[in-house]
**Q** 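Quick one: this structure, given as structure tokens, is what I'll be asking you about.
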Amino acid sequence: MTGAEVLRRVKAPVTDKAGRLAPLKAAALFLVVLPGAVLLIRMLSGDLGGNAYLAAIRDTGIWAIRLIVITLAVTPLRRLLAWPKLVTVRRMLGVAALVYSILHLVVYAADRAFEVATIAKEVMGLSLLVGTIALIAMIPLGATSTDAMVRRLGGNRWRTLHKLVYAVGVLAVVHYYLLLAKLSTMEATVEAGLVVLLMAYRALYAATGSRGLPLWSLAGLSIASGFAAMGIEAGYFGLRTNIDPWAVLSANFTLDAGLRPGWWVMVIGLGFVAAGVAREWQQRGKGRPSRPAVAAT
Ligand code: HEM
């Protein structure tokens with residue numbers, strides 16, 4: 001695939017014929033700007049608690065990882081929902097993930113009064129080193145997101161380079177786990193399970209020659225990823241705390257601690273599969289072929 005072909009697929013007019021912002025792009029823009037705006041308002045109104053820097057580091061970090069996972073999900077969802085236009089917001093989401101990651105770093109550096117020696121020392125520790133590698137890996141992705149760079153690299157090289165986003169997802173999850181506040185593993189485990197699900201999807205899609213995956217296989221992947229998330233959570237407690245990992249695993253099978261993150265991974269995955277089923281029925285009703293085979297971009 002050439003760079004021009006990739007661009008044709010990912011680009012769509014930002015505005016419609018009447019000059020209005022296209023609804024999908026407007027929704028994506030709202031999604032990426034809102035957390036930053038809320039953080040700014042909370043900051044200006046002194047609503048970030050005793051340690052405002054720490055609150056801002058956590059907030060920007062959480063949104064950076066959420067946007068990385070959402071960006072990873074765009075292509076599978078585009079195929080599953082037979083919604084080609086979805087790809088037109090992938091670039092905005094990816095760039096927003098980079099912007100939140102850079103903000104996260106800047107707030108962290110500000111918290112350390114921009115003292116280079118302190119920052120350099122801390123960054124050599126495992127948790128910050130993993131985050132720093134993730135951020136460095138995102139830079140070539142952001143730098144090659146312009147039209148000129150897509151054309152210059154050519155479609156195949158651009159797509160190969162952009163597979164790095166999976167490594168970024170894994171590193172971001174590891175960094176998140178290593179810095180977990182108050183042993184609250186809920187969101188980190190959901191993000192970890194979703195990264196596993198999206199990577200497994202990608203591997204299966206490539207192994208089946210990109211002919212499109214049956215919905216039952218995606219349902220199976222969602223369930224397996226939920227169990228993988230349970231394993232990751234138990235492994236974390238086993239390795240990093242004195243809490244018995246078996247107790248953590250068995251907590252998944254009672255509702256005493258509410259619905260555990262592994263189940264949420266399944267709920268999210270199966271929710272999208274259900275949306276895919278609904279979409280197929282809708283397409284069949286209109287006499288259109290369901291889920292057209294689309295190449296990865
Ligand atoms: C792609 C890059 C990165 C992502 C996605 C990311 C994401 C996150 C997340 C999700 C958290 C946990 C927030 C929480 O506990 O609720 C976090 C914490 C943190 N991150 Fe990052 N991070 C990245 C890079 C970096 C870099 C480069 C640094 C600094 C060199 C850094 C410094 C920190 C610090 C200091 C915390 C801990 C805050 C605390 O004490 O709770 N991160 N990060």
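Hydrogens, waters and symmetry mates are skipped; everything else that's a heavy atom, side chains included, is used. Residue numbers start at 1 and run along the sequence shown. Both counts, for ligands and for their atoms, begin at 1 and track the order of listing.
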**Q** Is it true that Val195 and Ile223 fall in one hydrophobic cluster, defined by side-chain heavy atoms closer than 4.5 Å?
**A**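 In one cluster with Val195: Ile223, yes.
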**Q** For ligand 1, indicate whether the residue Ile57 contacts it via side chain, backbone, both or neither (heavy-atom separation under 4.0 Å).
**A**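 Under 4.0 Å from ligand 1, Ile57 contributes side-chain atoms alone.
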**Q** Counting only heavy atoms closer than 4.0 Å, does ligand 1 sit against the backbone of Val168, its side chain, both, or neither?
**A**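 It is neither; nothing of Val168 touches ligand 1.
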**Q** Distance alone, cut at 3.5 Å: any donor-acceptor contact between the side chains of Arg90 and Thr75?
**A**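 Side chains of Arg90 and Thr75: pair found under 3.5 Å.
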**Q** In terms of atom number and element, which parts of ligand 1 are under 4.0 angstrom from non-hydrogen atoms of Leu54?
**A**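 The atoms of ligand 1 under 4.0 Å from a heavy atom of Leu54 are 38 (C), 39 (C), 40 (O), 41 (O).
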**Q** For ligand 1, note which part of Met138 has a heavy atom under 4.0 Å away: side chain, backbone, both or neither.
**A**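 Under 4.0 Å from ligand 1, Met138 contributes side-chain atoms alone.
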**Q** Among side-chain atoms of Arg66 and Tyr100, is any donor-acceptor pair under 3.5 angstrom?
**A**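 No - no donor-acceptor pair under 3.5 Å links their side chains.
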**Q** For atom 29 (C) of ligand 1, what's the nearest protein heavy atom and its distance?
**A**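 Minimum-distance protein heavy atom for atom 29 (C) of ligand 1 reads Tyr108 CD2, 3.5 Å.
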**Q** Look only at the side chain of Arg58 and the backbone of Leu54, and say whether a donor-acceptor pair between them is shorter than 3.5 Å.
**A**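 No, Arg58 side chain to Leu54 backbone: no donor-acceptor pair under 3.5 Å.
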**Q** Does the N or O separation between Ser101 and ligand 1 drop below 3.5 Å for any pair?
**A**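 No.
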**Q** Scan side-chain atoms only and decide if His162 and Thr144 contain a donor-acceptor pair under the 3.5 Å cut-off.
**A**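 Yes - a donor-acceptor pair under 3.5 Å links their side chains.
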**Q** Does atom CZ of Arg112 have more than 12 heavy-atom neighbours from other groups under 6.0 Å away?
**A**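 Enclosed.
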**Q** Start with the C-alpha distance between Arg79 and Tyr201, add both sets of side-chain angles, then the distance that settles side chain to side chain contact (heavy atoms under 4.5 Å, CB included), and finish with yes or no.
**A** CA-CA 11 Å; Arg79 296 191 190 115; Tyr201 168 87; 2.8 Å; yes
**Q** With backbone taken as N, CA, C and O and side chain as the heavy atoms from C-beta onward, which portion of Ile119 lies under 4.0 Å from ligand 1: side chain, backbone, both, or neither?
**A**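 Looking at Ile119 and ligand 1, no heavy atom falls under 4.0 Å.
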**Q** When only distance counts, is Arg58 in polar contact with ligand 1, meaning an N/O pair under 3.5 Å?
**A**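 Yes, there is a polar N/O contact under 3.5 Å.
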**Q** Could you check atom 19 (C) of ligand 1 against the protein and tell me its nearest heavy-atom contact, residue, atom and distance included?
**A**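 It is Leu179 CD1, 3.3 Å.
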**Q** Does the distance from a Lys or Arg side-chain N to an Asp or Glu carboxylate O, for Arg91 and Asp147, drop under 4.0 Å?
**A**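 Yes.
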**Q** With backbone taken as N, CA, C and O and side chain as the heavy atoms from C-beta onward, which portion of Thr132 lies under 4.0 Å from ligand 1: side chain, backbone, both, or neither?
**A**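 Both parts.
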**Q** I need the atoms of ligand 1 closer than 4.0 Å to a non-hydrogen atom of Ala172, numbered in the order shown.
**A**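 What qualifies from ligand 1 is 5 (C).
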**Q** Test ring pair (Phe, Tyr, Trp, His ring centres under 6.0 Å) on Trp246 and Phe237; report intermediate values, then the result.
**A** CA-CA 9 Å; Trp246 291 109; Phe237 278 101; over 10 Å; no
**Q** Looking only at the side chains, is there a donor atom on one of Tyr108 and Thr60 sitting less than 3.5 Å from an acceptor on the other?
**A**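 Distance-only check fails for Tyr108 and Thr60.
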**Q** Could you identify the single nearest non-hydrogen protein atom to atom 16 (O) of ligand 1 and state the distance to 0.1 Å?
**A**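 Here the closest protein heavy atom is Ile62 CD1, 3.7 Å.
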**Q** Does Phe272, at its CZ atom, have more than 12 non-hydrogen atoms belonging to other residues, nucleotides or ligands within less than 6.0 Å?
**A**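 Not more than 12 within 6.0 Å, no.
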**Q** Tell me the contacting part of Leu105 for ligand 1: side chain, backbone, both, or neither, using a 4.0 Å heavy-atom threshold, strictly below.
**A**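 Contact part for Leu105 vs ligand 1: side chain (C-beta onward).
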**Q** For atom 11 (C) of ligand 1, grab the closest protein heavy atom and report residue, atom and distance to one decimal in Å.
**A**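 Going atom by atom, the protein heavy atom closest to atom 11 (C) of ligand 1 ends up being Tyr176 CD2, 4.2 Å.
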**Q** Are Leu31 and Val33 co-members of a hydrophobic cluster defined by side-chain heavy atoms under 4.5 Å apart?
**A**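 Yes, Val33 connects to Leu31 through the hydrophobic network.
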**Q** Within the 4.0 Å heavy-atom shell around Val123, which atoms of ligand 1 are there?
**A**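 Answer for ligand 1: 30 (C).
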**Q** Counting each atom of ligand 1 from 1 as listed, which ones have a heavy atom of Ala64 under 4.0 Å away?
**A**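 In order of numbering, the contacting atoms are 5 (C).
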**Q** Could you check atom 2 (C) of ligand 1 against the protein and tell me its nearest heavy-atom contact, residue, atom and distance included?
**A**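 The closest one turns out to be Gly131 O, 3.7 Å.
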**Q** Indicate, as side chain, backbone, both or neither, the part of His175 found under 4.0 angstrom from ligand 1 when only non-hydrogen atoms are considered.
**A**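 The side chain, only.
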**Q** Identify the protein heavy atom lying closest to atom 32 (C) of ligand 1, giving its residue, its atom name and the separation to 0.1 Å.
**A**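 So the nearest neighbour among protein heavy atoms is Leu128 CD2, 3.4 Å.
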**Q** Check the hydrophobic clustering (I, L, V, M, F, W, Y; side-chain heavy atoms under 4.5 Å; chains of links allowed) and say if Leu40 and Leu103 are grouped together.
**A**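 No, Leu40 does not connect to Leu103 through the hydrophobic network.
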**Q** Which atom name does His104 have for its N/O/S atom nearest to atom 21 (Fe) of ligand 1?
**A**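 Of all N, O or S atoms belonging to His104, NE2 is the one nearest atom 21 (Fe) of ligand 1.
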**Q** Kindly identify the option in Gly169, Ala56, Ala55, Gly61 whose heavy atom sits closest to atom 7 (C) of ligand 1.
**A**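 Heavy atom nearest to atom 7 (C) of ligand 1 belongs to Gly61.
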